[in-house]
Trainee: 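Before we start, here is the structure in question, set down as structure tokens.
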Amino acid sequence: MSLSSVFLTALIGFGVWYWIKSRDLKEFAYRRVARECKRLDLQLLDQTVALKSVRLARNHRGAMSLRRVYGFDFSSTGEDRYEGEIIFLGSLVEEVKFAPHRIH
């Protein structure tokens, strides 16, 4: 087996691992946002979260991790639309942010 074959196999394996990890994290983000919306008596609109950005950042121990930001839309009255974000550092939720919104 040549070095280029090993490299290509490793690259494909990494790509598959990253895709599966990203898919699982997106599903977790959706469940967490849905739970937060329910707790705050808000409606999660479109029943989805969308990846907004991915970058490297340092975690609390100083190690490099991926910082992923997912966006979502929510409503407080059913007639309005606001944006929110859930931010992950590695696989841990760093913050769930809701834009200022009308309280009913």
Side-chain angles (χ1 to χ4, degrees):
M1 187 177 246
S2 70
L3 186 58
S4 62
S5 296
V6 171
F7 179 73
L8 184 59
T9 302
L11 188 63
I12 291 171
F14 176 76
V16 169
W17 171 83
Y18 180 79
W19 177 76
I20 291 170
K21 180 82 170 162
S22 295
R23 185 195 62 196
D24 293 345
L25 195 58
K26 183 178 178 181
E27 289 174 13
F28 177 70
Y30 171 77
R31 289 191 311 270
R32 177 68 186 266
V33 166
R35 188 173 73 223
E36 287 295 312
C37 284
K38 185 175 182 177
R39 185 179 69 80
L40 296 171
D41 197 25
L42 300 171
Q43 295 174 324
L44 177 59
L45 302 176
D46 306 326
Q47 306 306 309
T48 190
V49 296
L51 184 64
K52 292 174 68 174
S53 69
V54 177
R55 67 179 178 87
L56 288 174
R58 295 202 181 274
N59 63 20
H60 66 280
R61 293 180 309 231
M64 295 303 285
S65 294
L66 286 179
R67 184 174 190 263
R68 293 178 176 98
V69 179
Y70 292 89
F72 61 92
D73 291 336
F74 69 95
S75 177
S76 59
T77 65
E79 297 176 5
D80 46 18
R81 180 177 285 262
Y82 302 99
E83 293 181 4
E85 291 181 338
I86 183 167
I87 302 167
F88 286 88
L89 188 56
S91 58
L92 301 175
V93 175
E94 189 175 51
E95 185 177 11
V96 180
K97 300 191 309 188
F98 293 90
H101 57 279
R102 187 178 323 154
I103 297 175
H104 58 107

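Remember, it's a predicted structure, so these values are computed and weren't measured experimentally.
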Trainee: Under 3.5 Å, side-chain donor or acceptor atoms of residues 11-19 against the rest of the protein: list the pairs with distances, not counting sequence neighbours.
Mentor:
none

Trainee: Roughly how far, to the nearest 0.5 Å, is CG of Leu89 from CZ of Arg58?
Mentor: 11.5 Å
Trainee: Show your reasoning for whether ring pair (Phe, Tyr, Trp, His ring centres under 6.0 Å) applies to Phe72 and Phe98.
Mentor: CA-CA 9 Å; Phe72 61 92; Phe98 293 90; 5.6 Å; yes
Trainee: Applying a strict under-4.5 Å side-chain criterion to I, L, V, M, F, W and Y, I'd like to know whether Phe88 and Leu66 cluster together.
Mentor: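 Yes, Phe88 connects to Leu66 through the hydrophobic network.
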Trainee: Could you see if Val33 belongs to whatever hydrophobic cluster contains Leu25? Use Ile, Leu, Val, Met, Phe, Trp, Tyr and a side-chain cutoff under 4.5 Å.
Mentor: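 In one cluster: yes.
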Trainee: To the nearest 0.5 angstrom, please state how far the CD atom of Glu94 sits from the CD atom of Glu85.
Mentor: 11.0 Å
Trainee: With the 4.5 Å side-chain cut-off for hydrophobic clustering, are Leu45 and Leu40 part of the same group?
Mentor: no
Trainee: Indicate, with yes or no, if Leu51 and Val49 share a hydrophobic cluster defined by side-chain heavy-atom contacts under 4.5 Å among Ile, Leu, Val, Met, Phe, Trp and Tyr.
Mentor: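 Yes, it is one cluster - the side chains of Val49 and Leu51 are joined through contacts under 4.5 Å.
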Trainee: Got a second to check how far Ile103's CD1 is from Thr77's OG1, nearest 0.5 Å?
Mentor: 12.0 Å
Trainee: Flag yes if more than 12 heavy atoms outside Gln47 fall under 6.0 Å of its CD atom; otherwise flag no.
Mentor: yes
Trainee: For a side-chain contact (heavy atoms from CB on, under 4.5 Å) check, start with the C-alpha distance between Ser53 and Arg67, then their side-chain angles and the critical distance, and finish with the verdict.
Mentor: CA-CA 8 Å; Ser53 69; Arg67 184 174 190 263; 5.7 Å; no
Trainee: So, do His101 and Phe74 sit near enough that their side-chain heavy atoms are less than 4.5 Å apart?
Mentor: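 They are in side-chain contact.
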Trainee: Gly90 and Ser65: which non-hydrogen atoms are nearest, and at how many Å?
Mentor: N-CB, 3.9 Å
Trainee: Can you confirm whether Gln43 is buried at CD, in the sense that more than 12 heavy atoms of other residues, nucleotides or ligands lie under 6.0 Å from that atom?
Mentor: yes
Trainee: Should Ser91 and Lys21 count as side-chain neighbours, where that means a heavy-atom distance under 4.5 Å?
Mentor: yes
Trainee: Minimum heavy-atom separation for Ser76 to Arg102, with atom names?
Mentor: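 So the two residues come closest at OG-O, 2.6 Å.
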Trainee: Give the intermediate values and the outcome of side-chain contact (heavy atoms from CB on, under 4.5 Å) for residues Leu42 and Tyr82.
Mentor: CA-CA 10 Å; Leu42 300 171; Tyr82 302 99; over 6 Å; no
Trainee: Would you call Arg32 and Arg35 a side-chain contact if the rule is heavy atoms closer than 4.5 Å?
Mentor: yes
Trainee: Taking the side chain as everything from C-beta on, heavy atoms only, tell me whether Tyr30 gets closer than 4.5 Å to Ile86.
Mentor: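 Answer no - side chains too far apart.
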Trainee: Do other residues, nucleotides or ligands put more than 12 heavy atoms under 6.0 Å from Arg23 CZ?
Mentor: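 Result for CZ/Arg23: enclosed.
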Trainee: Taking atom SG of Cys37 and atom CZ of Arg39, what is their separation to the nearest 0.5 Å?
Mentor: 10.0 Å
Trainee: Please examine the side chains of Lys97 and Ile87, heavy atoms only from C-beta on, and report whether any two atoms are closer than 4.5 Å.
Mentor: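 Sidechains of Lys97 and Ile87: in contact.
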Trainee: Between Asn59 and Arg61, is there a donor-acceptor pair closer than 3.5 Å when you use the side chain of the first and the backbone of the second?
Mentor: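 Flag set: sc Asn59 to bb Arg61 pair under 3.5 Å.
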Trainee: Under 4.5 Å between side-chain heavy atoms, hopping through other hydrophobics if needed: is there a path connecting Val96 to Phe28?
Mentor: yes
Trainee: First locate atom CZ of Arg81, then atom CG of Asp73, and finally report the distance between them rounded to the nearest 0.5 Å.
Mentor: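 Atom-to-atom, Arg81:CZ and Asp73:CG are 4.5 Å apart.
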